[in-house]
There are 2 protein chains.
Amino acid sequence: MGTHYSGTPTEELALATYVKLSRAADAVTHRINAHLHHHDLTVSQFGALEALYHLGPMQTGELAEKILKSSGNLTLVVDNLVKRRLVYRQRRKDDRRCVDIHLTEDGTALIEQIWPSHLAGVVEAITVLSADEQRLLGDLCRKLGKKAG
Amino acid sequence: MGTHYSGTPTEELALATYVKLSRAADAVTHRINAHLHHHDLTVSQFGALEALYHLGPMQTGELAEKILKSSGNLTLVVDNLVKRRLVYRQRRKDDRRCVDIHLTEDGTALIEQIWPSHLAGVVEAITVLSADEQRLLGDLCRKLGKKAG
DNA sequence: GCAAAATACTTTGATATTAAAATATTTAAC
DNA sequence: GTTAAATATTTTAATATCAAAGTATTTTGC
């Protein structure tokens, strides 16, 4: 009752680190994305629009990879963006298996409207850390992310 | 086409840090939880079982907070665990608004079976970092998590 | 050049997720 | 003590998510 897991020091440290990492990523993500509901956008929808805006039109599979989701999922996310006429699909002529997703004018306008405040939110949430601390965190995260993939 | 966002150095650093943090948390979480599908458990279901095992019976609301999910969501997660007879609900006599969730014998047996290999997975994923690095990461994460809640 | 394998995406089915509304119960105010 | 507010949970509606199966297209192997 109320006793947390107790194991070896190595285990306890690893567990505690994992929990802190998860909670921090979660807290920061929530904080940064809270404004999206004003535009009736989900995090995935916004991620898709942003990737298309900054990287240009791309295939479903690429987009899925960018926002760390499955391609099956992306189909639905894109479906919902298509319904709102924020993006459209275009089959490639040279390889009809591929479908490029493009921003519409409305989509471009929306992301351009949202981006500045989104960016400000990221800066606000992350600059709790100094530049040096951010670089340090980035390095540690990169190390963690690599291994085994 | 293929040009990533370019802004001030402060903005670029914050964005890059945010992306690395998200990707690291995501990669580590996926890696650590990959084994759960062997037991037909989702991450939330496992999280609920684990919290109940290490902290004892608790209310829906508390459990939701522990695993960082909404209480509405927890109702469904618990529903699915109840169907498999891994947990059961019990209304409190002194305050009938509260429902405590308890592990059943089967639930206890399952979490006891899974826990060692889960723990080993956490240790394997996290000990890519030295103990000092883990403490450093933990501190940075704690700092990030705090601000504004 | 045709069948087999690989690739790219969509569909399906089950669970998850949130926000908001609804329900039930207890506590507080008068 | 009875209504109002607060608390705890469940329900609902919409979207998300993954894994697995299905479809369409292209490339490869012979």
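Just so we're on the same page: letters track the sequence lines, and every chain starts at 1. Quick caveat: nothing in here was measured; it's all calculated off a predicted structure.
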May I have the distance from [X] (atom [atom1]) to [N] (atom [atom2]), rounded to whole angstrom?
X      : N       : atom1 : atom2 : answer
K69(B) : dT15(C) : NZ    : C1'   : 12 Å
L63(A) : dA8(C)  : CG    : C1'   : 14 Å
D79(A) : dC9(C)  : CG    : C1'   : 11 Å
R92(B) : dT9(D)  : CZ    : P     : 8 Å
L76(A) : dC18(D) : CG    : P     : 12 Å
H38(A) : dA19(C) : NE2   : P     : 12 Å
R91(B) : dT26(C) : CZ    : P     : 9 Å
Q45(B) : dT17(C) : CD    : C1'   : 14 Å

Point to revise | Residue D95(B), side-chain atoms from C-beta onward, closest of dT26(C), dT17(D), dT10(C) | key: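 Given the options dT26(C), dT17(D), dT10(C), the side chain of D95(B) is closest to dT26(C).
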
Point to revise | Side chain of R97(A) - closest among dA6(C), dA6(D), dA16(C) | key: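 Of the options given, the side chain of R97(A) lies nearest dA6(C).
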
Check your understanding: Angle, rounded to 10°, between the helical axes spanning five pairs at each terminus of the helix from dG1(C)-dC30(D) to dC30(C)-dG1(D)?
Key ->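 Comparing the axis at each end, I get an angle of 10°.
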
Review point. Do the rings of W115(B) and F46(B) sit parallel, tilted or perpendicular, given the 30° and 60° boundaries?
Key: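 Geometry flag for F46(B) against W115(B): parallel rings.
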
Practice item. Check the angle between the aromatic planes of Y88(A) and H102(A) and answer parallel, tilted or perpendicular using the 30° and 60° thresholds. Key: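 If you compare the ring of Y88(A) with that of H102(A), the planes turn out parallel.
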
At 4.0 Å (heavy atoms only), tell me whether [X] reaches a base, stays on the sugar-phosphate, or touches nothing.
X      : result
G61(A) : sugar-phosphate
T60(B) : sugar-phosphate
S70(A) : base
R89(A) : sugar-phosphate
N73(B) : base
T75(B) : base

Quick one: does any side-chain atom of [X] pair with a main-chain N or O of [Y] as donor and acceptor, under 3.5 Å?
X       : Y       : answer
T104(A) : R85(A)  : yes
E50(A)  : G47(A)  : no
E124(B) : G121(B) : no

Point to revise | Distance, nearest 0.5 Å, that separates CG of L41(B) from NE2 of H35(B) | key: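 So the gap between those two atoms works out to 9.0 Å.
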
Check your understanding: Do the side chains of C141(B) and L144(B) get nearer than 4.5 Å, heavy atoms only?
Key ->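 Contact flag for L144(B)/C141(B) side chains = no.
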
Review point. OP1 or OP2 of dT17(D) less than 4.0 angstrom from a side-chain nitrogen or oxygen of S44(A), does that happen here?
Key: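 So the side-chain polar atoms of S44(A) do come within 4.0 Å of the phosphate oxygens OP1 or OP2 of dT17(D), strictly under.
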
Check your understanding: Does N80(A) put a side-chain nitrogen or oxygen below 4.0 Å from OP1 or OP2 of dA14(D)?
Key ->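 The answer is no; no side-chain N or O of N80(A) sits under 4.0 Å from OP1 or OP2.
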
Review point. Of R92(B), R89(B), R91(B), which is the lone residue that meets salt bridge (Lys or Arg N to Asp or Glu O under 4.0 Å) with D100(B)?
Key: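 Of the listed options, the one satisfying the test is R92(B).
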
Check your understanding: Given that G72(A) and C98(B) both sit by DNA chain D, which one's nearest nucleotide is further toward the 5' end?
Key ->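 Closest to the 5' end, via its nearest nucleotide, is C98(B).
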
